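Just so we're clear, the structure is a prediction, and the values are computed from it rather than from any experiment.
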Amino acid sequence: MPRLLAFPVALVAALVPLGALQPPVTLRPLQPTLFAAPGSLVNALADVDGDGDLDLFVGFNGTPNRLYRNDGGTFAEVAADAGLADARATRAAAFGDMDADGDPDLLLGFAPGAGSALRLMRNEGGRFTDVTVTAALQLEAGAVRQPVWVDVDADGDLDLFVAFRDRANMLFRNDGGRFTDIAAAVGLDDARRSVGAVWADLDADGDLDVIVGNMDGDANGVFRNDGGRFTDVADAWGLAWGGRTPREATHGTVRPCVADVDGDGRLDVITANYGPPGLFLARDEGRWLDAGTAWGMAVDGRYDSCALADLDHDGRLDLYLNGTVTQGRNWPDYLYRQVDGRFVNVIPEVLAAIPADHGVQWADLDGNGTADLALTGQGPHTVFANVLPADVARRSLQVRVLDARGRATRAGAEVRVYAAGTRRLLATRLVDAGSGYDAQSDVAVHIGLPEGGRVDVEVTWPSAGTRAVTRRAGVAVNGRDVLEVRTR
C-alpha cells in the first residue's frame, strides 16, 4: 500500500500563471478533515435535495459509502440518513432522473459479490429507496464499470447503458420505470473487457453514438448510431487504440472523454489509458487527427480518468489526467493547462503527491463561479476549491439543459456560446453523458469565458435523426446565475 499523505488545512496550491492574459490559479483544500477517509473509488455530483447546490456522492472499496450534502459551500456527511451508506465495494455511480419526477436518482454498480451487481436507488425528496427489483435491474453477476443514463431511443425518458469488465455490455430500455436489456438487438452487446464509455453525437447526424474504452489489449469500440442500431466504426474513424500500443496486453483505455478541446466547435476525443494518453482532434466527418504528441500530453503512464474544465476562465479547456495507484506505485497525475495550442503540466507538487486515482470531477461546489476539483483515491478523497480573482470568477456561465417539460433528460446535448449578436464562437460544452471514472453527474454545464458582458447561448439536442437547436440571446455573464434552457 502507498503511504497516505497528510496535508495541512492551510495548504494553498498556487499555480504559476502562464502568459500575460492568464491569471494565477489557486487550489485550496475544502474541509480536509471531513474529506479524509481513504479507500474511495468513484465520485459523482447532483443536487440531491433540490436546494440549488451540488451534493457529492463518494463510493468506497468496502467501507460505507458517503453522501455529502452541500449547504452553500459547506458540506456535511448524510449517507446513512439518505439511505446510501452501502458497505459493498462500489465501482460505479450514475445520477439521472430515470422516473422523470424532477429529482436525480442513483444507479450503483458493485464489484462481484453476494447480491445484485446493480442497485437502483430512487430519490424521494433527498432520501433514497431501493427499487432494483421492481425496475427489473437485478443482476446476479458482473464486474460493473461505466453506467450512463441517456435517452437512446428519443422517447423522452432515460435509458441505461452499462459497461462491464467481465461480460457483454448491456443497454436497458426504459419503459415506464421497468428496464429491458436490448443490447444484443441493437448491436451493443460487446463482450470485450470494457471500462469506460461516453455518449455524444460524434458524426453530427442527429443521434447519440458511444465510445467504449476497453482494457487488456482489446481495441476500443466506437459505435455509430444509425437509426437505433449500432455499428463499430473505431477502425474506420482511427479511434480503435486511443493513442496506446495496439494489441499490447498491458495497455488499455480506461476512460474516453469527449470535448471541444481546440475551440473549433467540433467534438474531440481524449483517452486516459494504460499507456500514453490520447488526444484526437475532429476534422472532416469521420476523421480525427492524432494530436497527443503535438500537444505535449502523450506521456507513458497508467491513467484512470480524464476530466476537462476551463479552470482559469480563458475560454480554453484544461485537462486533469488521473494516474492510478497500483502495486505500491502512485502513477503521476497531470494538471494540463492549455496554452497556445498545447497542454502544459502545472500540477503543484503537493497535489501530485496525493495518492489519488479513479474518480475526478470538476464542478462549482462553493458557488463562486469557478470549477472546483474533487478526487478519489487510496489516500484522502480530497476536494479543492478553485479560487480566482472575483472579476475573473464572474466570467463564467452555468447552463442547465432540460426537456420541454423541465426534466433533466438531455445527456449528450451540446451547448455553444457566442459573443452577443455574432457567430463568434466562445465555447462548446457537453451535458454529462459519462464523463467521470465509471460515473455520471447530473449538473449544469460550466462554461468559463475570456470576456464578460453578454453572450448568446445555443443548445443542440441530437434526437431521432434531427439536431434541434434552441437559442437564448443576450444572456448576462455573472458567474452565479444558472440559465435554464428547455429544448424541443
Side-chain angles (χ1 to χ4, degrees), residues 42-45 92 94 145-148 150 161 163 194-202 208-215 220-223 234 237 239-244 252-263 266-282 288-292 295 297-299 301 303-311 316-324 333-336 338 343 357-363 371 373-375 411-415 427-441 443 445-447:
V42 63
N43 54 4
L45 294 155
R145 290 303 186 262
Q146 176 69 55
V148 185
V150 61
F161 176 84
S194 301
V195 180
V198 61
W199 291 73
D201 188 4
L202 296 170
L208 295 172
D209 316 295
V210 58
I211 303 176
V212 180
N214 296 317
M215 288 292 288
N220 299 329
V222 181
F223 294 92
W237 286 3
L239 299 173
W241 300 103
R244 56 186 165 96
T253 295
V254 181
R255 165 63 35 207
C257 293
V258 173
D260 177 16
V261 175
D262 57 359
R266 296 179 288 192
L267 300 180
D268 310 309
V269 177
I270 306 93
T271 51
N273 297 330
Y274 276 30
L279 170 62
F280 295 83
L281 301 178
W288 276 263
L289 173 67
D290 184 347
W295 278 59
M297 59 169 285
V299 180
Y303 302 95
D304 279 331
S305 197
C306 43
L308 294 108
D310 184 357
L311 67 92
R316 296 174 289 196
L317 284 173
D318 309 296
L319 170 65
Y320 198 98
L321 275 176
N322 208 353
T324 195
D333 293 8
Y334 291 86
L335 177 56
Y336 284 115
Q338 188 177 155
F343 281 130
D357 59 356
H358 295 94
V360 52
Q361 301 281 352
W362 292 101
L373 178 64
L375 300 172
E414 303 161 14
V415 180
T428 302
R429 304 289 183 264
L430 283 177
V431 177
D432 188 357
S435 66
Y437 173 85
D438 294 353
Q440 180 182 15
S441 295
V443 299
V445 176
H446 178 271
I447 304 164

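- To the nearest 0.5 angstrom, Trp362 atom CH2 is 8.0 Å from Tyr320 atom OH.
- Residue Cys257 forms a side chain to side chain contact (heavy atoms under 4.5 Å, CB included) with just one option from Thr271, Leu308, Ile211, Leu430, and that option is Leu308.
- At least one donor-acceptor pair closer than 3.5 Å links the side chain of Asp304 to the backbone N or O of His358.
- Relative ring orientation between Phe161 and Trp199 is described as perpendicular, the plane-to-plane angle rising above 60° on a 0-90° scale split at 30° and 60°.
- Between the side chain of Gln146 and the backbone N or O of Ala439, at least one donor-acceptor pair lies under 3.5 Å.
- Closest non-hydrogen pair, Ala309 versus Ala371, comes out as CB-CB, 4.0 Å.
- Side chain of Asn273 to backbone of Gly242: a donor-acceptor contact under 3.5 angstrom is found.
- Taken to the nearest 0.5 Å, the CG atom of Asp260 stands 13.0 Å off from the CZ atom of Arg316.
- Using modelled atom types, one finds a donor on one side chain and an acceptor on the other under 3.5 Å when comparing Thr253 with Arg244.
- In this structure a side-chain-to-backbone donor-acceptor pair under 3.5 Å is missing from Ser194 to Val212.
- A heavy-atom distance below 4.5 Å is not found between the side chains of Val198 and Val148.
- One distance of note links CZ of Arg429 with CG of Asp310; it measures 6.0 Å at 0.5 Å rounding.
- Here CG of Leu321 is found 8.5 Å from CG of Asp333. Values are rounded to the nearest 0.5 Å.
- How far CG of Leu279 is from CG of Asp262: 8.0 Å, rounded to the nearest 0.5 Å.
- Between the Asn322 side chain and the Ser305 main chain, no donor and acceptor come within less than 3.5 Å of each other.
- Here the straight-line distance linking atom CG of Leu45 with atom CD of Gln361 works out to 5.0 Å at 0.5 Å rounding.
- Residues Val150 and Gln440 are not in side-chain contact: their nearest non-hydrogen atoms beyond the backbone lie 4.5 Å or more apart.
- Closest non-hydrogen pair, Phe280 versus Gly243, comes out as CZ-N, 3.5 Å.
- Side-chain atoms of Asn220 come within 3.5 Å of backbone atoms of Asn214 as a donor-acceptor pair (strictly under, hydrogens ignored).
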Please walk me through it: do Asp209 and Asp201 pass side chain to side chain contact (heavy atoms under 4.5 Å, CB included)? CA-CA 5 Å; Asp209 316 295; Asp201 188 4; 3.7 Å; yes
Determine, step by step, whether Val195 and Tyr437 satisfy the side chain to side chain contact (heavy atoms under 4.5 Å, CB included) criterion, reporting the C-alpha distance in whole Å, the side-chain angles of both residues, the deciding distance to 0.1 Å, and the verdict. CA-CA 9 Å; Val195 180; Tyr437 173 85; 4.3 Å; yes
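- Between the side chain of Gln338 and the backbone N or O of Leu317 there is at least one donor-acceptor pair closer than 3.5 Å.
- Side-chain contact between Leu319 and Trp295 is absent, with no heavy-atom pair separated by less than 4.5 Å.
- Between the Arg266 side chain and the Leu202 main chain, no donor and acceptor come within less than 3.5 Å of each other.
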List the steps and the verdict of side chain to side chain contact (heavy atoms under 4.5 Å, CB included) for Tyr336 and Asp318. CA-CA 6 Å; Tyr336 284 115; Asp318 309 296; over 6 Å; no
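- With a 4.5 Å cut-off on side-chain heavy atoms, Arg255 and Ile270 do not count as touching.
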